[in-house]
2 protein chains.
Amino acid sequence: MSDPTSAPWLSDDEQRAWMALTTVLTTVPAAIDAQLKRDSGFNFFEFTILSSLTQAPGRALRMNSLAHLACASPSRLSHAVSRLEKHDWVTRRTTDSPVGRWVEAVLTDAGATAVAAAAPAHVREVRRLVFDVLTPEQVEQLTQIGYQLLRAAAPHLTACMEVPAVRPPT
Amino acid sequence: MSDPTSAPWLSDDEQRAWMALTTVLTTVPAAIDAQLKRDSGFNFFEFTILSSLTQAPGRALRMNSLAHLACASPSRLSHAVSRLEKHDWVTRRTTDSPVGRWVEAVLTDAGATAVAAAAPAHVREVRRLVFDVLTPEQVEQLTQIGYQLLRAAAPHLTACMEVPAVRPPT
DNA sequence: TTTCAATAGTTGATGTGGCAACCTTCGTGT
DNA sequence: ACACGAAGGTTGCCACATCAACTATTGAAA
């Protein structure tokens, strides 16, 4: 099928895999975002921010650390935190210290309540979309494939993989 | 780790897989879009439209068929075709016939030239990001996993999987 | 001290997608 | 003939992401 003399086109197997991947890339985030938005008022990215703050000591994190945890650009994070502030789920706090001055995002009580209320349905949706339809072997395969793709697409973001986004309440 | 008595939280293995999947969902489309936008001026969705028209008889397709091929909502397609029209890569044509009246998107010569010029670098990028880092077994696993996820997230879109988006020139 | 570069963070402009409302054009029933 | 509903398609408004430009602070070089 391919024409190796002109350019390295995709084989039929690769075509199928690429088709499957692109369609997943389109539909899965949309489904996850739709459920969260509908049931809780925030999207997956905002949920990740709130969730990260829940885990943090004092429910506060520097903008920079938060951006790394959420694999986001400073700009995207800033806009998102501004949105969350409008809903009183988060506040910004400027901290001065001997070693410098920085901005922290702080989870409010309302934010903590909202994210705790949102988590169960979110996890159910993740199960419904992903883990209910995959065997344990496929889950392991997906993890490996994900790591490989990530190393190629965003090697500097491998740090994101180390901290889980959702944790059961302790 | 999980607390089976309260809610079905994710296991550690599932946490890792979910983390890998969400990060892939964020980074891979961004990388693909960035390369196409930088080198050719259109994003992946627009490339898919142009590419579908390339394969079509007379380089024309009804808006509705095109939306199905590209797994897109009518609205998204209409917006995108309007953009492509601004660049003279596509034109709209209203066709009357005994059986009805409809709108077709038609690929212009400039559009055909642009998509042909864009394809090799795009395929190289897809290889770099995906197929160069996966074994043939993993490609097969990815296909199966993708089908499973798709059946759960968008069962009505399974039709999208049947026609490849990029084909070598005949 | 002045300057220069680097880091942290914000802002505004612009591009893109989703949703709901809307307009046509059919086909069907009365 | 008329009404009505369904399908195809577009549009306007809003939500969100990106990029580049900008501010402010720190630390080092001159």
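All figures in this text were calculated on a predicted structure; none of them were measured in a lab. Naming convention: chains lettered A, B, ... in sequence-line order (proteins, then strands); numbering from 1 in each chain.
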Can you see if the side chain of [X] gets near the phosphate of [N] - specifically, an N or O under 4.0 Å from OP1 or OP2?
X	N	result
A:Lys37	D:dC16	yes
B:Arg62	D:dG9	yes
B:Arg83	C:dG17	yes
A:Asn43	D:dC16	yes

Euclidean distance, atom [atom1] of residue [X] to atom [atom2] of [N] [Å, nearest integer]:
X	N	atom1	atom2	answer
A:Arg38	C:dG18	CZ	P	16 Å
A:Arg76	D:dA17	CZ	P	4 Å
A:Asn64	D:dT26	CG	C1'	14 Å
B:Arg92	D:dT10	CZ	C1'	8 Å

- Message: Under a 4.0 Å threshold between the charged nitrogen and the carboxylate oxygen, would B:Arg92 count as salt-bridged to B:Glu104?
- Response: no
- Task: Could you tell me whether A:Asp109 and A:Arg59 make a salt bridge, using a distance below 4.0 angstrom between a side-chain N and a carboxylate O?
- Result: yes
- Query: Do B:His79 and C:dG18 have a side chain to base donor-acceptor pair shorter than 3.5 Å?
  - Reply: yes
- Task: Go through the N and O atoms of the side chain of B:Ser75 and the base of D:dT10, and report whether any donor-acceptor pair is under 3.5 Å.
- Result: no
- Task: Estimate the overall bend of the helix from C:dT1-D:dA30 to C:dT30-D:dA1 from the end axes over five pairs each, rounded to 10 degrees.
- Result: 10°
- Item | 5'-most by nearest nucleotide on DNA chain D - A:Gly41 or A:Arg101 |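 Residue closer to the 5' terminus by nearest nucleotide: A:Gly41.
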- Query: For the side chain of A:Glu46, counting heavy atoms from C-beta on, which of D:dT10, D:dA17, D:dC16 is nearest?
  - Reply: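 The nucleotide sitting nearest to the side chain is D:dC16.
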